[in-house]
Protein chains: 2
Amino acid sequence: MKKTSAVIGLSHLRVTLSESFYIGPGRADLMELIAETGSISEAAKRMGMSYKRAWGLVQALNEGFGAPLVEASRGGNAQGASLTAAGCEVLERYRGMQEATRKAIARDVEALLALHDMSQGK
Amino acid sequence: MKKTSAVIGLSHLRVTLSESFYIGPGRADLMELIAETGSISEAAKRMGMSYKRAWGLVQALNEGFGAPLVEASRGGNAQGASLTAAGCEVLERYRGMQEATRKAIARDVEALLALHDMSQGK
DNA sequence: CCTCGATATGTCCGAATGGGAATATCGATG
DNA sequence: CATCGATATTCCCATTCGGACATATCGAGG
């Protein structure tokens, strides 16, 4: 069984911009950790995924968007990764959309939780 | 390659009610088709999935929610499937949340699309 | 020119996913 | 009680996904 986010309410929001690009919770979290740590491998470790998978996601982000969202350089002391300006904006917009969605669906979530509890006789 | 919904903008909204239950676009579509056709197998066919998979999703819905959302009966002329009252409400609420989310993120989606086009020099 | 740390990339393999097909089951109807 | 249509359930197998591991690569600094 795959571990599902324990958050009650909005758990997954995916926004598609084109046939080849979308942004969802996993990609956003990875971008955020890359921004925080300055490293793809460290971000991968903190997300509990392999470097290979994280690197694949970065590829999907960059190639899918058509312009780099994550920039990485190897060698020397400048090695590491960071978000481009476009990457930062995509991430910020996504966080904003998450929050807007939470607010927009809050009442329905409450109603569903009530229905859920009632259906189980709690 | 799995066919991804071609819809630009909101493409996936998943709402988690408990550790064992969530409702997302695929499950909602399946429930809707079951309500329309009165049959799990026909709904599966229209969604382009196997009956087995559809049946598994129905199990996940019913067992995960803790109360039946889809009711099925076999034998006789009453055979078929339909949504329970709770199932109808879950579906309607989900559709409402989808619409509320689309409205809530519309401006951000527009901004991202503009950024996307600009980043590609279009 | 050697080391070091992080990126980049390929290979191998186990787990999970899901389809296809076969089969069993149910129950009203004739 | 035989039929029929749809649900319920079980095998088998191809494909995919991703982890583990091994290298290769880069480039500043000692």
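In what follows, every heavy atom counts, from backbone to side chain, and hydrogens, waters and symmetry copies are set aside. Letters A, B, ... mirror the listed sequences (proteins, then strands); counts begin at 1.
With contacts defined as side-chain heavy-atom distances shorter than 4.5 Å, the pair B/Val90/B/Leu83 does not qualify.
When the side-chain nitrogen and oxygen atoms of B/Ser41 are compared with OP1 and OP2 of D/dA6, none of them lie within a distance under 4.0 Å. The side chain of A/Ser39 contributes an N or O atom lying less than 4.0 Å from OP1 or OP2 of C/dT7.
B/Phe65 and B/Phe21 have perpendicular rings, their planes meeting at more than 60° on a 0 to 90° scale where under 30° would count as parallel.
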Evaluate A/Glu63 against A/Ser20 for side chain to side chain contact (heavy atoms under 4.5 Å, CB included), listing each step before the verdict. CA-CA 8 Å; A/Glu63 293 176 8; A/Ser20 59; over 6 Å; no

Output one line per pair: protein atom, nucleotide atom from nucleotides 25-30 of chain D, and distance, for all N/O pairs under 3.5 Å.
from: D/dC26; atom 1: O2; to: A/Gly75; atom 2: N; distance (Å): 3.0
from: D/dG27; atom 1: N3; to: A/Gly76; atom 2: N; distance (Å): 2.9
from: D/dG29; atom 1: OP1; to: A/Asn77; atom 2: ND2; distance (Å): 3.3

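Listed here is the closest heavy atom pair of A/Ala28 and A/Leu91: O-CD1, 3.5 Å.
The number of heavy atoms from other shown groups lying within 6.0 Å of CZ (B/Arg95) is above 12.
Partners of B/Thr37 according to the side-chain hydrogen bond (donor to acceptor under 3.5 Å, both in side chains) rule, which considers only residues two or more places apart in sequence or in another chain, do not exist here.
For A/Arg93 and A/Glu89, the salt-bridge test passes: some basic side-chain N is under 4.0 Å from an acidic carboxylate O.
In this structure, NZ of A/Lys45 is placed 15 Å from P of D/dG19, rounded to the nearest angstrom.
Remark: B/Arg27 is not positioned above the aromatic ring of B/Tyr94, lacking an NZ or CZ atom under 6.0 angstrom from the ring centre and at most 45 degrees off the axis.
Looking at residues 49-70 of chain A, you'll see A/Tyr51, A/Lys52, A/Trp55 sit with a heavy atom under 4.0 Å from some atom of DNA chain C.
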